[in-house]
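Values reported hereafter were calculated over all heavy atoms of this structure, with side chains retained and with hydrogens, waters and symmetry mates removed. Remember, predicted model here, so these are calculated numbers, not experimental data. Proteins get letters first, then strands, A, B, ... in listed order; numbering begins at 1 in each.
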Amino acid sequence: MSSGALPGFRDFYPDELARRAHIFRAWRAVARRYAFVEYDGPPLESLDLYTKKSGDEIVGQLYNFVDKGNREVALRPEMTPTLARMVAARASALRKPVRWFSIPQLFRYERAQRGRLREHYQLNVDIVGEASEVADAELLAVAVDIMRELGLTSADVRARVSDRRLLNGILVTLGVTEEQVPAVYGVVDKFARQPRELSAEKLAKAGIAPALVERILGLAAGATFEAVRAEFGSAPAAQEHVERFARYLAHLDALGVGEWVVLDLSIVRGLAYYTGIVFELFDAKGELRAICGGGRYDTLLKSLGGVDLPALGFGMGDVVLGELLNDRGLFPAATEEATDFQLVAGNGAGQHGYAEALGLVTVLRRAGFSVAHGMNAERYMGQATRNQVDGAKKAGVSAAIYFREDGATEAMSLLGKMSGAPTHTMDTTAALGGDAAVMQGLRDWLQQQRDNARNQNG
RNA sequence: GUGGCUGUAGCUCAGUCGGUUAGAGCAUCGGAUUGUGGUUCCGAGGGUCGCGGGUUCGAUUCCCGUCAGCCACCCCA
C-alpha cells in the first residue's frame with residue numbers, strides 16, 4: 001500500500017525475521033545432519049553466466065544492468081550456474097562426491113504474485129560426482145527430512161517423483177518417435193494445469209495416433225509404479241530404467257521416507273536441463289505452488305563449466321514453505337528468542353536506587369543472560385510496579401527481576417498465568433556479586449519455567 | 001507481457017445516495033493512593049481516504065489515467 005520496499009521485495013520486521021530464521025535453522029540443521037557443508041557465492045554475476053545456459057530470452061526475467069566498468073551483470077536468479085562455476089574451477093582438487101548446500105537470496109524480474117516474489121531465499125542442496133541412484137534417494141531424503149524437522153507430516157506434503165529416462169523408455173515402447181518426444185514432454189508437464197481435451201489436441205497435432213493419445217494421458221493422470229513395472233518391466237527400451245527406479249524406491253524406503261513418495265510421470269520440470277530422476281514436493285491439499293523441486297542434471301556441468309561430472313540437486317524456497325507453515329500453524333510463538341529478564345522496581349527499589357539496579361542488570365548480562373530495563377530513572381522509581389511488570393509481560397520477556405522490601409532479590413516468571421506466578425529468591429549481596437552458584441540457580445530456574453510453559457502449550 | 005478484482009489509521013474494517021472538523025475495534029504511548037501485577041477505567045498520538053487529472057459551487061465518494069496489491073494466464077524458482 002504505502003511506500004515501503006520495492007514491489008516484490010520484503011521487509012523483515014522482527015516477527016518476520018524470526019520466521020525466516022526458523023526456516024533457515026531447519027534447513028541448516030538437516031543439511032548438516034546429512035553431512036552437507038555450506039558454501040556461498042556472490043549475489044552479482046556476469047550476465048553471460050546465465051545466457052550461456054538458458055539463451056538470451058532469459059534476460060527479460062533478470063535483474064541485469066551495466067556496471068560502472070561497462071560489464072553486463074545480473075543479480076543471480078538461481079544458484080546452479082554459480083555452483084557449476086565454483087566446482088569447475090577446482091574440480092580436480094575437490095574430493096568427490098561434493099556435498100554442498102547454500103542459502104542464497106535469488107532475484108528475478110517478474111510480476112509478483114502469491115508464492116512468487118522478485119526476491120526469495122532458496123536452500124540449494126547439491127551432490128556432484130556421483131552417478132548412482134543412491135545419491136538421488138539421499139537428496140530427496142534431505143528434502144523430506146526438512147519437512148519433518150518443521151513439523152510437517154506425510155499427510156501434509158507429498159513427494160512426487162519421476163525419471164526422464166523411464167518416461168522416455170515408456171514412450172519409445174509405446175511407439176512415440178524421437179521427434180514427437182519433446183511435444184509429449186510439453187503436454188505431460190502441463191497435464192495437471194490444462195484441460196484434458198487441450199492436451200489430447202496437442203498430442204494429435206504432434207502426429208500421435210488417437211489410441212496412443214489416450215494411453216499417454218492415462219499414464220500422466222497417475223499410473224502407479226507397480227502398474228508401470230507390470231506393463232513395461234520387460235520391454236527392451238524401458239527395462240533398465242524400470243529396474244533403476246525400483247532400486248531408487250527401495251533406497252528411499254531404507255532411508256525412511258518411503259511413505260512420502262508417489263510416482264508421478266507428469267513431473268518433467270521445465271523441459272530444460274534435467275536428465276534423470278526428478279522430483280517435486282507439494283502440499284497434499286494442492287493449494288500452493290511447489291515447495292521444492294530438483295533432480296539429476298548430469299550434462300549441465302559440462303555445458304556450463306566444461307567439467308564432465310554427474311550432478312543432482314534441489315532448490316527449496318522460503319516463500320511457499322513459509323505460507324504452508326503459516327497455514328498449518330507450525331511457526332513457534334516467538335519465545336525462543338525471548339529476552340530473559342526485565343528489571344522492574346519492587347518494594348525494595350527505594351533502598352537500592354537506580355544505579356544499584358543497573359549494577360544488577362550488568363551482573364546478569366556478564367553471566368550470559370539477556371536483560372532489558374526501563375531507560376528512564378524517574379519512571380523506574382515512580383511508576384507503579386504493576387505497570388512495569390505489565391510492560392515486561394507485553395514485551396514478551398520471560399521473567400521480571402526486582403529488589404524486595406525484605407532485602408532479597410527475586411525473579412518472577414511472566415510465562416504463565418500471573419496469579420500465583422512462580423518466583424525465585426536470591427540473596428541480594430550474592431546476586432550483586434555475581435556469585436556463580438546463584439547465577440547457575442537462576443539459570444536452572446529460568447529453564448524450568450520455560451520447560452513448564454512449553455509443556456502447557458504443547 | 002495479458003486479463004479480472006481491490007486500494008480509508010501500524011492491523012482488521014465501517015462510513016460518505018457528492019456537503020463543513022472521516023469513525024470503531026485491536027495495537028502503540030501516557031495516566032489512574034510507592035506498587036502481587038496480563039483485568040478494568042481515563043486520556044493521547046497517528047489518516048494529503050494510494051497518486052494524478054476531469055466533472056462540479058464543492059470529490060474520500062462519480063469518471064478517466066496511473067501506481068501498488070491479490071487472482072488467473074505466460075513463464076519458471
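Remark: A/Lys394 is not in phosphate contact with B/A27, judged by side-chain N or O atoms under 4.0 Å from OP1 or OP2. Not one side-chain nitrogen or oxygen of A/Gln383 sits closer than 4.0 Å to the OP1 or OP2 atom of B/U34. A close approach under 4.0 Å does not occur between any side-chain nitrogen or oxygen of A/Arg386 and OP1 or OP2 of B/U34.
In this structure, A/Asn347 reaches the bases: a heavy-atom distance under 4.0 Å links it to at least one base atom across the strands shown. Among the heavy atoms of the strands, none lies under 4.0 Å from A/Met316. Counting non-hydrogen atoms under 4.0 angstrom, A/Gly391 reaches nothing in the nucleic acid. Heavy atoms of A/Arg379 sit under 4.0 angstrom from primed sugar atoms or phosphate atoms, though from no base atom. Residue contacts shown for A/Gly350 are absent, as no nucleic acid heavy atom lies under 4.0 Å away. The residue A/Ile291 sits apart from the nucleic acid: no heavy atom pair falls under 4.0 Å.
Searching all strands for a Watson-Crick or G-U wobble partner of B/A44 with both distances below 3.5 Å returns B/U28. Of all nucleotides present, only B/A72 satisfies the Watson-Crick or G-U wobble test against B/U2, with each distance under 3.5 Å. Both distances falling under 3.5 Å, in either a Watson-Crick or a G-U wobble arrangement, place B/C51 opposite B/G65. In a base pair of the Watson-Crick type (N1 to N3 plus N6-O4 or O6-N4) or a G-U wobble (N1-O2 and O6-N3), with each distance short of 3.5 Å, B/A22 is matched with no nucleotide. Within the shown strands, nothing qualifies as a pairing partner of B/G58 under the Watson-Crick or G-U definition with both distances less than 3.5 Å. Across all strands shown, B/U39 forms no Watson-Crick or G-U wobble pair with both key distances under 3.5 Å. Base-pair partner of B/U34: not found among the strands shown (Watson-Crick or G-U wobble, both distances under 3.5 Å).
Ring pair A/Tyr121/A/Phe24: centre-to-centre distance below 6.0 Å.
Heavy-atom distances to RNA chain B give each of A/Gly315 and A/Ala345 a nearest nucleotide, and the one nearer the 5′ end belongs to A/Ala345. In terms of position along RNA chain B, the nucleotide closest to A/Gly382 lies nearer the 5' end than the nucleotide closest to the other residue of the pair A/Leu106 and A/Gly382.
Across the C1' atoms, B/A9 and B/G50 are found 14 Å apart, a figure rounded to whole Å. Atom name P, nucleotides B/C49 and B/C5: the rounded distance is 24 Å, in whole Å. Taking atom C1' in both B/U39 and B/C51, one finds a spacing of 44 Å when rounded to whole Å. Taking atom P in both B/U8 and B/C70, the straight-line distance is 14 Å, to the nearest Å. As rounded to the nearest Å, B/U2 and B/U66 have P atoms that lie 11 Å from one another. Nucleotides B/C64 and B/U6 are separated by 13 Å at their P atoms, to the nearest Å. Remark: the separation of the P atoms in B/C57 and B/G18 is 16 Å, to the nearest Å. B/G65 sits 15 Å from B/G7 when the C1' atoms are compared, rounded to a whole Å.
As a whole-Å value, the separation of A/Asp189 CG from B/C76 P is 8 Å. Following rounding to the nearest Å, A/Lys190 (NZ) and B/C74 (P) show an atom-to-atom distance of 6 Å. Per the geometry, OH belonging to A/Tyr13 stands 9 Å off C1' belonging to B/G10, to the nearest Å. Between A/Gln388 atom CD and B/U34 atom C1' the separation is 11 Å, expressed in whole Å. Summarising the geometry, the separation between CE on A/Met412 and C1' on B/G38 is reported as 10 Å, rounded to the nearest angstrom. A straight line from CZ of A/Phe314 to C1' of B/A77 spans 13 Å, rounded to a whole angstrom. For the pair A/Phe403 CZ and B/G35 P, the computed distance is 18 Å after rounding to whole Å. Residue A/Asp11 contributes atom CG, which lies 15 Å from atom P of B/G10 at whole-angstrom precision.
On a pure distance criterion of 3.5 Å, a polar donor-acceptor pair joins the side chain of A/Arg116 and the base of B/C76.
Between A/Glu16 and A/Arg10 there is no salt bridge, since none of the side-chain N atoms of the basic residue sits less than 4.0 Å from a carboxylate O of the acidic one. With respect to A/Arg76 and A/Asp40, a salt bridge is recorded, a charged nitrogen being found less than 4.0 Å from a carboxylate O.
In the set B/A32, B/C70, B/C75, B/C70 carries the atom at the smallest distance from any side-chain atom of A/Ala112. Listed nucleotides B/A77, B/G38, B/C75 differ in distance to A/Arg108; the shortest reach to its side chain belongs to B/A77. Side-chain proximity of A/Gln122 to the nucleotides B/A77, B/G37, B/C29 is greatest for B/A77. The listed nucleotides are B/C75, B/A77, B/U2; the one nearest the side chain of A/Arg111 is B/U2. Nearest to the side chain of A/Glu410, among B/U2, B/G37, B/U36, sits B/U36.
In this structure a side-chain-to-backbone donor-acceptor pair under 3.5 Å is present from A/Arg99 to A/Tyr34.
The neighbour count for A/Tyr354 OH, taken as heavy atoms of other residues, nucleotides or ligands under 6.0 Å away, is above 12.
Atom-to-atom distance recorded for A/His251:NE2 and A/Leu140:CG is 13.0 Å, nearest 0.5 angstrom.
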Intermediate values then yes/no, side chain to side chain contact (heavy atoms under 4.5 Å, CB included), A/Met86 and A/Tyr39: CA-CA 10 Å; A/Met86 289 170 66; A/Tyr39 72 99; 3.9 Å; yes
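Side-chain N/O atoms of A/Tyr402 and A/Glu410 include a donor and acceptor closer than 3.5 Å.
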